[in-house]
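These notes are about the structure you will find just below.
So you know, we letter chains A, B, ... as the sequences are listed, proteins then strands, and number each from 1.
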2 protein chains.
Amino acid sequence: MELSDKKTAEMFKAFCDENRIKILKLLQGGEKCACVLLDDLHITQPTLSHHMKILCDAEIVVGRKEGKWMYYSISPEGADKAISVLCALTDVHGQGDCCCKE
Amino acid sequence: MELSDKKTAEMFKAFCDENRIKILKLLQGGEKCACVLLDDLHITQPTLSHHMKILCDAEIVVGRKEGKWMYYSISPEGADKAISVLCALTDVHGQGDCCCKE
DNA sequence: TTGACAAATTGAAATTCGTGAATATAATAT
DNA sequence: ATATTATATTCACGAATTTCAATTTGTCAA
């Protein structure tokens, strides 16, 4: 399934903010509660919520509600999708040295 | 060499604009003159120049001047760097299923 | 040297983005 | 029911980004 150029740009927006990079690095340790992320980042709760929405909309992160808490984790499927789109986008045709080919 | 979170975000900005996605797709066919890119995109010459600067600053694209013309192409090294940073960023520790690991 | 052409830079307008205060919603506990 | 706690939404504002018109710079040809 081919993504539109607009959708592709949209997806990569997940990765072009310093705080979202920090969030992803925190989630590399595994699923984390929003409140824990909030403790580690010097931003307000609404700002965190905003970034989580962008990450979830891009399907790089998935959220799971448990009672009052929201647990977030990196989506392996979303991450793989982003990687393969990036590989496909930067692979010069006829060179075939992209690790994600086929 | 580890990139700062800020630098990482900066790098991915190369991929989060619809026109830059289109430019990369055009460059997949191989090196192209700026004037050729301009013909294929519905943007003005200064706008193209602006986007090419962002792509070159991010080291995803390299430019080569030949007389009056500028030829641009995808930098395999820059692309590989971006891919490996993305892999490293989205790989959940202890899962080790990233194609770019090691 | 002058003219023509390609690309970069500057400046300014419109839009998008990141942020936090205030508020709303949802779930739990008393 | 009421209070409390966790998260989401709304709103407003400043900063950054995208865009194009105008201008400048660089290169070549006559």
Rounded distance in Å - NE2 (H51(A)) to P (dG18(C)): 6 Å

message: Expressed as a whole number of angstroms, how long is the span from M70(B):CE to dA6(C):P?
response: 15 Å

message: From the set dT19(D), dA7(C), dG26(D), return the single nucleotide nearest to any side-chain atom of T47(B).
response: dT19(D)

statement: Taken to the nearest whole Å, NE2/H50(B) to C1'/dA8(C) is 13 Å

- prompt: What nucleic acid atoms does I54(B) come within less than 4.0 Å of, heavy atoms only: base, sugar-phosphate, or nothing?
  reply: sugar-phosphate

Minimal non-hydrogen separation, I74(A) against T90(B), with atom names: CG2-O, 3.5 Å

- prompt: Does T47(A) reach the main-chain N or O of I43(A) with its side chain, forming a donor-acceptor pair under 3.5 Å?
  reply: no

field: For E59(A), all residues meeting salt bridge (charged side-chain N to carboxylate O under 4.0 Å, His left out), sequence neighbours excluded
entry: none

message: At 4.0 Å (heavy atoms only), tell me whether Y71(B) reaches a base, stays on the sugar-phosphate, or touches nothing.
response: nothing

Toward the 5' end of DNA chain D, by each residue's nearest nucleotide, V36(A) or T44(B): V36(A)

Separation of dA27(C) P from E66(A) CD (nearest whole Å): 13 Å

message: Check this one for me: any side-chain N or O of K13(B) less than 4.0 Å away from OP1 or OP2 of dT17(D)?
response: yes

query: Could you give the CE-to-C1' distance, from M52(B) to dT19(D), as a whole number of Å?
result: 17 Å

task: Ignoring hydrogens and angles, answer whether the base of dA6(D) and the side-chain atoms of Q45(A) contain a donor-acceptor pair closer than 3.5 Å.
output: no

field: Whole-Å distance separating the NZ atom of K32(B) from the P atom of dA6(C)
entry: 18 Å

- prompt: So which heavy atom on I60(A) is nearest to which on A82(A), and how close?
  reply: CD1-CB, 4.0 Å

Whole-Å gap separating P (dA8(C)) and NZ (K68(B)): 14 Å

- prompt: Which residue, P46(B) or R20(A), contacts DNA chain C at a nucleotide closer to its 5' end, judged by nearest heavy atom?
  reply: P46(B)

field: d(CG, L41(B); P, dC20(D)) in whole Å
entry: 11 Å

message: Is the phosphate of dA8(D) approached by S49(A) (side-chain N or O, under 4.0 Å from OP1 or OP2)?
response: yes

W69(A): hydrophobic cluster co-members (side-chain, 4.5 Å): Y71(A)

- prompt: Can you tell me if the side-chain N/O atoms of K53(A) get under 4.0 Å from OP1 or OP2 in dA8(D)?
  reply: no

